[in-house]
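Model, not experiment: these values are computed from the prediction. Throughout, numbering of the chain's residues begins at 1 and tracks the sequence. Computed from heavy atoms alone, side chains included, the values below leave out hydrogens, waters and symmetry copies.
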Amino acid sequence: MEDTARFWERLGYPAKNSKILHIAGTNGKGSVCAYLCSALRKAGISCGMFTSPHLVDMRERFVINGMMVSEDDFLYAFRVVMKEVERLAPAYHPTFFELLFFMAMTLFDKYSVEYVVLETGLGGRLDATNVVEEKKLCIITSIGYDHMEYLGDTLVQIAGEKAGIMRSGVPVVYPERQEEVTRVMEEYAGKIGAETFPVGKAAIKEINIGHKTIDFSLHLHYYDYIGFTVSTSALYQVENAALAASALALLDDRRITVSALQSGIREMIWEGRMEEILPSVYLDGAHNVDGILAFLETVKQHSCTGRRVLLYSAVRDKQYARVADLLAQAGLFDEIFLVSLQGERALPLAQLTDTFRQYTGFEINAYETLDAAFEALLTHKNDGDKAYIVGSLYLAGEVKALLRRFEIEK
């Protein structure tokens with residue numbers, strides 16, 4: 001962290017005059033960031049957003065006023081940062097994530113955005129983005145088991161790392177649903193003097209699930225219950241939208257009206273999160289146990305007159321055996337397709353197939369390439385059926401790239 005902070009200083013603290021909204025957590029970080037920026041834009045406020053990972057194009061990680069940055073801007077930021085790196089070589093070189101973070105701050109500085117929405121990579125306390133000391137708000141999304149090799153084996157340990165983004169005197173918003181996690185948040189905030197604003201179950205009510213939207217009422221801090229709509233069938237996005245709206249309502253900014261919050265939440269679309277990529281074909285980036293459980297809750301809510309078919313893949317460092325158990329034993333899917341991902345982190349297809357066969361008796365369809373798996377999925381899908389693709393944001397990215405390639409070939 002000391003090296004990261006020193007390098008940011010050498011760059012001249014880019015975007016130091018922007019108001020920082022910092023987001024950590026296990027699941028939902030990117031969605032919360034997108035909801036925040038969408039609502040800020042509806043309020044007429046300039047906003048830069050840094051998220052990870054990307055699905056297809058690395059520039060997706062850098063968004064300014066709702067638009068992915070241009071190739072020229074990407075190259076500009078890369079050159080600015082690398083020029084300073086070359087001056088320090090070989091004594092210092094940023095990690096890949098640090099390099100992208102410095103590029104993001106350089107771009108936000110270039111365009112003088114008023115607000116910067118920063119998503120941590122993993123963890124929080126030792127994350128590169130946490131070199132920023134002055135923050136307007138902190139948000140910590142749901143905590144679950146992921147990246148345990150870095151963050152710890154218990155929810156208490158993981159929550160402690162995420163809580164490290166808090167700052168004295170800065171409001172922190174988080175979901176109040178796990179007793180041990182809430183206790184960590186309260187104790188950490190009390191120790192450093194941060195004010196807590198938990199969003200409990202009682203704050204969200206009257207959830208009405210439609211075909212492609214979900215309506216709900218949210219109790220905001222200075223208002224009574226306010227009606228909101230998310231433009232997705234993903235039930236887990238209700239909590240993410242509620243966190244974003246609750247956080248923005250804390251800002252002392254008259255431009256952020258209830259109307260701006262409502263329209264910003266309603267109009268936000270986040271790729272790869274229960275996204276209907278083709279009629280009755282859904283793509284979701286859930287990749288850990290909690291994400292899969294949230295995914296299954298949404299699938300249960302989807303009415304289906306035919307069968308449900310599933311395409312799954314995973315990277316080797318995730319809890320794929322537990323996920324295979326959950327998916328196979330859910331009683332929701334009539335046919336399962338498996339595919340190997342690209343890259344060195346991919347789980348071997350034979351290992352993935354053997355794991356699934358431990359938990360289910362029906363036929364497993366295994367494919368070496370996504371092209372073959374995707375074609376088979378669509379071939380096996382009949383009218384009235386619903387198809388789901390889940391297991392990794394890397395898989396989501398490969399599917400999106402495949403669809404774009406088909407469009408080009410057409």
Side-chain angles (χ1 to χ4, degrees), residues 21-42 47-55 60-63 66 68 115-122 124 129 137-144 146 162 165 173-175 177 199 203-204 207 209 212-216 218 228-249 261-277 282-288 290-299 301 389-397 400:
L21 310 183
H22 202 191
I23 296 86
T26 304
N27 292 311
K29 299 190 300 293
S31 296
V32 169
C33 289
Y35 280 124
L36 290 168
C37 283
S38 181
L40 286 170
R41 288 179 58 226
K42 283 296 175 184
C47 176
M49 180 174 74
F50 175 59
T51 58
S52 62
H54 59 275
L55 296 181
E60 295 168 24
R61 297 173 183 240
F62 316 100
V63 173
M68 179 174 69
Y115 280 86
V116 166
V117 175
L118 281 183
E119 178 191 357
T120 58
L122 59 89
T129 59
L137 271 175
C138 293
I139 304 173
I140 300 175
T141 66
S142 66
I143 303 295
D146 207 356
K162 308 288 187 182
I165 69 166
V173 178
Y174 54 87
R177 55 150 119 152
V199 177
I204 304 169
I207 297 175
I209 303 170
K212 294 186 179 182
T213 61
I214 304 174
D215 299 328
F216 65 98
L218 173 65
F228 285 91
T229 299
V230 289
S231 298
T232 176
S233 62
L235 193 55
Y236 56 79
Q237 291 292 39
V238 170
E239 179 178 275
N240 294 326
L243 289 172
S246 297
L248 290 175
L261 291 175
Q262 290 171 317
S263 57
I265 295 296
R266 184 178 61 252
E267 295 182 24
M268 195 286 284
I269 303 295
W270 195 228
E271 290 188 87
R273 279 71 173 181
M274 202 55 82
E275 178 187 3
E276 191 173 13
I277 54 173
Y282 298 87
L283 177 66
D284 194 271
H287 55 276
N288 53 41
D290 288 310
I292 292 295
L293 288 170
F295 161 77
L296 290 172
E297 281 302 311
T298 295
V299 174
Q301 300 296 330
I389 305 169
V390 73
S392 171
L393 283 169
Y394 294 106
L395 175 62
K400 299 289 284 189

- Of T141, N240, N288, which meets side chain to side chain donor-acceptor pair (under 3.5 Å) against N27?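 That would be N288.
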Specify the closest pair of heavy atoms between [X] and [Y], including all atoms of both residues, with the distance to one decimal.
X: H287; Y: S392; answer: CB-CA, 3.9 Å
X: Y282; Y: S233; answer: CE2-OG, 4.2 Å
X: M68; Y: E60; answer: SD-N, 3.4 Å
X: M274; Y: D284; answer: N-OD2, 2.8 Å
X: C47; Y: L40; answer: SG-CD1, 3.9 Å
X: T26; Y: K162; answer: OG1-CE, 3.9 Å

- Query: About how many Å separate NZ of K400 and CG of L393, when rounded to the nearest 0.5 Å?
  - Reply: 12.0 Å
When you measure from the side chain of [X] to the backbone N and O of [Y], does any donor-acceptor pair fall under 3.5 Å?
X: E275; Y: G272; value: yes
X: S231; Y: R266; value: yes
X: T229; Y: D215; value: no

- Query: Below 4.5 Å, heavy atoms only, C-beta onward: do L248 and L21 meet side chain to side chain?
  - Reply: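 In contact.
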- Item | Student check: side-chain heavy atoms of L36 and I139 closer than 4.5 Å |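 L36 vs I139: side chains touch.
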- Message: Side chains of Q237 and S31: any donor to acceptor distance under 3.5 Å?
- Response: yes
